[in-house]
Amino acid sequence: MEPVVIALDFETADNGADSACALGMARVRGGEVEDVFYRLIRPPRRRIWYTHIHGITWNMVRDCPGFAELWPECAAFLRGADYLAAHNAPFDRRILLGCCAAAGVDAPAAPFLCTVRGARKGLRLPRNRLSDVCAHLGIALDHHNAASDALAAARIYVYLRAHGLPLEAMRIE
């Protein structure tokens, strides 16, 4: 039986591990994406360094909940996950752990799977950036929109599993 996997993607305001300004998540159950979650997050500092990448400005997030306020909704979506997955999972794990620590909440205990790692082993493309893998697999992508990136990671995970890649080939420590 396939595990429940939540693919997630953060967009960040600055280099701080607590600087999430958007979160997208996609739940995979039984090899199918069954639900998607997207929220803008007010980061702890007003200066947003990466607007040129993701398009998020302070005016867009200043009235949004901070991570601590949003956590109960996030935790409810994450409930029941056997694994968390992301494209370049070490980055998203660092942000999740940093935001949880800053908010004073326990981070999910589920282990992480990395779809970059899986793509390297299962697809053997010249480049394994999210846009490259999506183009190869025909997955629609609005890159640096956290919901689209999370949904893309979920679809990459589903593809890799359907083509026989074992979970351990994607697992990171």
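Computed from a predicted structure; not experimentally measured.
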K.L.:
Write down the atom of S19, the atom of P43, and the distance for their closest heavy-atom approach.
P.N.:
O-CB, 4.0 Å
K.L.:
With rounding to the nearest 0.5 Å, note down the distance linking CG in L160 to CZ in R155.
P.N.:
14.5 Å
K.L.:
Would you say R27's side chain and F77's backbone share a donor-acceptor pair under 3.5 angstrom?
P.N.:
yes
K.L.:
Just wondering, more than 12 heavy atoms not from N59 lying within 6.0 Å of its CG?
P.N.:
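Count over threshold, so yes.
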K.L.:
Got a donor-acceptor contact below 3.5 angstrom from the R93 side chain to the E173 backbone?
P.N.:
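Judged by distance alone, yes, a pair lies under 3.5 Å.
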K.L.:
Would you mind reporting whether N88 and T115 have side-chain heavy atoms less than 4.5 Å apart?
P.N.:
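Side-chain contact under 4.5 Å: no.
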K.L.:
As a quick check of understanding, evaluate side chain to side chain donor-acceptor pair (under 3.5 Å) for N145 and H54, giving each step before the final call.
P.N.:
CA-CA 7 Å; N145 171 289; H54 49 56; over 6 Å; no
K.L.:
What distance separates I53 CD1 from I48 CD1, expressed to the nearest 0.5 Å?
P.N.:
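One gets 12.5 Å once the value is rounded to the nearest 0.5 Å.
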K.L.:
Given side chains that start at C-beta, do those of V158 and E32 come closer than 4.5 Å, heavy atoms only?
P.N.:
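Side-chain contact under 4.5 Å: no.
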K.L.:
To the nearest 0.5 angstrom, please state how far the CZ atom of F91 sits from the CG atom of L96.
P.N.:
11.5 Å
K.L.:
Mind telling me whether Y50 and H52 have parallel, tilted or perpendicular rings, with 30° and 60° as the class edges?
P.N.:
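Answer is tilted, since the angle falls between 30° and 60°.
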K.L.:
Is there a donor-acceptor pair closer than 3.5 Å between any side-chain N or O of D149 and the backbone N or O of H144?
P.N.:
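Yes.
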K.L.:
Do I41 and P65 have side-chain heavy atoms sitting under 4.5 Å apart?
P.N.:
no
K.L.:
Please, which pairs that meet ring pair (Phe, Tyr, Trp, His ring centres under 6.0 Å) have at least one residue in residues 102-130, sequence neighbours excluded?
P.N.:
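Sorted result for residues 102-130: empty, none.
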K.L.:
Sequence neighbours excluded, which residues qualify as ring pair (Phe, Tyr, Trp, His ring centres under 6.0 Å) partners of H163?
P.N.:
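With neighbours one apart ignored, the set is Y159.
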K.L.:
Residues two or more places apart in sequence or in another chain: which of them pass salt bridge (charged side-chain N to carboxylate O under 4.0 Å, His left out) with R117?
P.N.:
none
K.L.:
Whether the side chain of R42 engages the backbone of C64 through a donor-acceptor N/O pair (distance < 3.5 Å, no angle test) should be reported.
P.N.:
yes
K.L.:
So do L8 and L23 actually touch side chain to side chain, heavy atoms under 4.5 Å?
P.N.:
yes
K.L.:
Side chains of L78 and W71, heavy atoms from C-beta outward: is any pair under 4.5 Å?
P.N.:
yes
K.L.:
Counting only heavy atoms not in R45, do more than 12 sit closer than 6.0 Å to its CZ atom?
P.N.:
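Above 12, so yes.
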